[in-house]
Amino acid sequence: MARSVRERYDESQAVGRLRVPLAAWRWATGSGLVPAADAGPGLWSRAVVEAADPEAVRAALRGPIGAGAAADRLTQALGEPLPRCRPRVTALAVGHLARAGLLVRLGGDAEFPDVHPDQVATLARRRDLPALLDRHVPLGPDQAARRLGVRRTDWEQVVRLGLVSPAGAVSGAPTPRTLRPPASGSCRSTGPSPRKS
């Protein structure tokens, strides 16, 4: 029985064919070392995968850094002390920058991706870094109120009136309706036991 030849590869198949780490493949495609997907969204033709040099793909990756370290480097680039009304860059903000296409996600969680340190350094040197953060990273309610110079209660009233709508919401946060007392006997006391008199 003849074995069929694969004509298209997704990223995991290409990684397996070349025997390189997934982060190295993502960096090679994001940096232009390997051409962009040419056989559909997230798919590379056999010719592109076979033409890729596995050693060059491995050598191009100088070790990804976590979203927290990238956030610290971008915060340092904003200057010390931070400009008025400018919040620190967070690991979640790095995820937003990766979704916007400003950083290549090399691995890790989609919200807190591992990224290439050289790409973070390049982004940190950009003069328009504050504008990029403003454009691509949503503010929380406290940050928005601080940025506008209003009280948090005033901000909440503006949202309640529908003058501003949230860009997203955090799911899974407990609300007063979802909080329930634990079943009796299911909680263990961590403090000293009460003395009987």
Side-chain angles (χ1 to χ4, degrees), residues 23 26-27 30-31 41-42 62-194:
R26 286 181 175 168
W27 177 246
S31 66
R62 193 177 52 98
I65 59 172
D72 290 342
R73 291 181 186 183
L74 293 174
T75 298
Q76 288 174 352
L78 292 173
E80 291 290 331
L82 287 174
R84 184 177 183 279
C85 298
R86 168 68 52 200
R88 292 182 55 82
V89 180
T90 63
L92 185 60
V94 172
H96 287 292
L97 294 172
R99 276 191 290 287
L102 296 169
L103 295 170
V104 175
R105 187 175 85 74
L106 300 178
D109 191 349
E111 288 187 35
F112 309 106
D114 293 338
V115 293
H116 197 281
D118 293 342
Q119 197 175 28
V120 173
T122 301
L123 186 61
R125 286 191 301 270
R126 289 184 62 166
R127 289 178 167 238
D128 62 343
L129 178 60
L132 290 172
L133 291 168
D134 288 343
R135 188 175 316 124
H136 298 292
V137 179
L139 297 174
D142 289 330
Q143 294 168 330
R146 195 173 323 120
R147 177 80 55 93
L148 293 173
V150 298
R151 297 178 305 172
R152 167 75 187 261
T153 55
D154 295 336
W155 170 256
E156 289 172 354
Q157 183 65 22
V158 168
V159 172
R160 205 172 303 121
L161 291 172
L163 300 174
V164 176
S165 62
V170 176
S171 62
T175 61
R177 284 183 295 208
T178 61
L179 292 178
R180 294 189 180 101
S184 62
S186 66
C187 291
R188 290 185 299 163
S189 174
T190 57
S193 58

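None of these values were measured; they are calculated from a predicted model.
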| remark: Smallest heavy-atom separation, P117 atom then P64 atom, equals CD-CA, 4.3 Å
| said: Show, in sequence, the C-alpha distance, side-chain angles and deciding distance for L133 and L78, and conclude whether the side-chain contact (heavy atoms from CB on, under 4.5 Å) test is met. | reply: CA-CA 11 Å; L133 291 168; L78 292 173; 4.0 Å; yes
| L102 to L132 - nearest heavy-atom pair and separation | CD1-CD2, 4.1 Å
| Enclosure of R151 CZ (heavy-atom neighbours >12, cutoff 6.0 Å) | no
| task | Enter the distance from R99:CZ to R105:CZ here, rounded to the nearest 0.5 Å. | result | 9.5 Å
| Nearest heavy atoms of A93 and V137, plus distance in Å | CB-CG1, 3.7 Å
| Below 4.5 Å, heavy atoms only, C-beta onward: do H96 and P138 meet side chain to side chain? | yes
| Reported CG-to-CG distance for the pair L129 and L123, which is rounded to 0.5 angstrom | 5.5 Å
| message | Could you report the tightest heavy-atom contact between L148 and W155, atom names first, then the distance? | response | CD1-CZ3, 3.5 Å
| Side chain to side chain, V115 and L97, heavy atoms closer than 4.5 Å | no
| message | Show, in sequence, the C-alpha distance, side-chain angles and deciding distance for R73 and Q76, and conclude whether the side chain to side chain donor-acceptor pair (under 3.5 Å) test is met. | response | CA-CA 5 Å; R73 291 181 186 183; Q76 288 174 352; over 6 Å; no
| Looking only at heavy atoms, what is the nearest atom pair of P113 and A98, with distance? | CG-CB, 4.0 Å
| task | Show your reasoning for whether side-chain contact (heavy atoms from CB on, under 4.5 Å) applies to L103 and H116. | result | CA-CA 8 Å; L103 295 170; H116 197 281; over 6 Å; no
